[in-house]
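Worksheet: one structure, shown below.
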Amino acid sequence: MEFDVPYLIRHLPALGRGLALTIQVSALAIVLSVFVGLVGASLRVMRFPVLSQAAAAYVEFIRNTPLLVQLFFVFFGLPTVGLTLSLFWSGVFALTLWAGAFQIENVRGGLASVSPGLNEAARALGLSKGQYLRFVGLPLAVRVGLPSILNTSVSLIKNSAYLSAIGLQELTGVAFDRIAIDFRAFEMLSVLLAGYLSVVLTLSAAVRAFEYRLQAPFRR
Amino acid sequence: MTLILENLALFWIGLRTTLLLAFFTLVASTVIGVVLGVLATFPARFLRILVALYVETFRDIPLIVTIFTIFFGAPFLGVPLQPFPAVALGLSLWGGANAAEIVRGGIQAVASGQTDAARALGLRRWQIYRLVLLPQAVRSVLPAFTGLLALIVQSTSLGALVGATEFLKAGGLVIERSTVMLGINPAFQIYGFVLLVYFSICSVLTALSRRLEVRLAATGQRAVVTPPDAASI
């Protein structure tokens, strides 16, 4: 079976739409999951009685269950108890739920590296716990935790391929539907491999370059 | 709840397949990981590059795409694969890439003086690996391998998408059956139950991984190879 270039070109627009959807879902989920991470990590370090433990339990649960099952739970399970989300938002929600747990750990790791002296100084100046986090702790934590936050985000983009399992027409969904319809595998598979590899490798390289820049003040 | 008890036999079939898949994948990943991990520590540069290429490829392509490619691509090469071997192969290629990183880290963590001493004693290269490096690496990679096993167990759920009747698929079948025959859709309860079962298996493994890490730290050796987590691979 030879590689049919005109066939590939004919279907490029559809693949482009798939890639656009992949990027759209991922971008939304990344922003939301970082927000979950900031809130969750704050709850954990502020030691609110119940909320702090709830955040810890959430992290443990998500890390120890498969993303695919979480996705099925959100897309097939929640509607049966009256919580119906559209296909698109189910995908965003499931990815956010999953990545949020890892972002909490990333931000928390960043917070742990902030010297305790700063916390004491902030308290001595009369800042409340919340103000300390907002003005001192989190800005520093994000800087330290940024490489891992970005790594989780790259992982999220990769894992958005799972959404093809619930029928979202993102890149993987489009490609495998075409394979099923036309019975041609090589063209679509090569696009898929090239597509994900280029997105992930570009972003990983960007993360590494960024990491290097962030380290600048600490480099001798 | 009664629905779960009534379908216990089906769930058991699913769980068995999940565990079997995880076992095969662990064995194959370990073999790939040890071979590639050792090659990555050889002085030859092209070997390092080849291994890095393999590792990056399978870690950067979404696992779901790898498995789909194998399952749907195999017939085009004239070797149609059953769901189980296709999933096992896909998982092993991916798991092997992660295991290779772990093994490489474990070998590099052994103090370089050990290699020098072994060479001074006249040991050949494969003897150095077999008698000096690998036995010491085993201890420092154990926590990471346990963590990897938890990820492998989670990833076997992808088998459901190509028709391997593993645990998630078993849950899906129970839901389908009861929707058709009883007219009720128990997706919330059943998928909730499936989540809980995966959670209990994997949290035991992650807890074990943490304990091994603590024990290793107590012996004075730092666990240089940190366990992989789902968002870093």
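Below, all heavy atoms of this structure are taken into account, side chains as well, without hydrogens, waters or symmetry copies. Computed from a predicted structure; not experimentally measured.
Each of Thr206(B), Val194(B), Val65(B) has some count of heavy-atom pairs under 4.5 Å with chain A, and the biggest count is that of Val65(B). For the set Gln103(A), Glu60(A), Glu105(A), the count of heavy-atom pairs under 4.5 angstrom toward chain B peaks at Glu60(A).
Thr57(B) OG1 to Leu201(A) CG: the interatomic distance, rounded to the nearest 0.5 Å, is 8.0 Å. Here CD1 of Ile175(B) is found 9.5 Å from CZ of Phe72(A). Values are rounded to the nearest 0.5 Å. In this structure, the separation between CG on Asn64(A) and CG on Leu151(B) is 9.0 Å, given to the nearest 0.5 Å. Here OH of Tyr196(A) is found 11.0 Å from CD1 of Ile61(B). Values are rounded to the nearest 0.5 Å. Considering CG of Leu63(B) and CG of Asn159(A), their distance stands at 9.0 Å, rounded to 0.5 Å. Here Phe76(A) contributes atom CZ and Phe188(B) contributes atom CZ; the two are 15.5 Å apart, rounded to the nearest 0.5 Å.
In this structure, the portion of Thr80(A) lying under 4.5 Å from any heavy atom of chain B is its side chain and not its backbone. Interface residue Gln70(A): backbone and side-chain heavy atoms are both found under 4.5 Å from chain B. Contact of Ser164(A) with chain B is made through the side chain alone, with heavy-atom distances under 4.5 Å. Both the backbone and the side chain of Leu158(B) come within less than 4.5 Å of a heavy atom of chain A. Heavy atoms closer than 4.5 Å to chain A are found in the side chain of Leu77(B), but not in its backbone. Within the 4.5 angstrom heavy-atom criterion, only side-chain atoms of Leu168(B), from C-beta onward, approach chain A.
No more than 12 heavy atoms of other residues, nucleotides or ligands sit less than 6.0 Å from atom CZ of Arg177(B). Counted within 6.0 Å of CZ on Phe210(A), heavy atoms from surrounding residues, nucleotides or ligands total 12 or fewer; the atom is thus considered open. Surrounding CZ of Phe23(B) are at most 12 heavy atoms belonging to other residues, nucleotides or ligands under 6.0 Å away.
Using bins of under 30°, 30° to 60° and over 60° for the plane-to-plane angle, the ring pair Phe176(A)/Phe68(B) lands in the perpendicular bin.
For Gln154(B) (side chain) and Arg63(A) (main-chain N/O), a donor-acceptor pair under 3.5 Å exists by modelled atom type. Between the side chain of Lys158(A) and the main chain of Arg59(B), a donor-acceptor pair closer than 3.5 Å is present.
Closest approach of Phe76(B) to Phe183(A), counting heavy atoms only: CE2-O, 3.1 Å. Counting all heavy atoms, side chain and backbone alike, Pro66(A) lies closest to Ser157(B) at CB-OG, 3.4 Å.
Contact check for Phe199(B) versus Val69(A): no side-chain heavy atoms found under the 4.5 Å cut-off. Considering only heavy atoms from C-beta on, Leu68(A) stays 4.5 Å or farther from Ile64(B) through its side chain.
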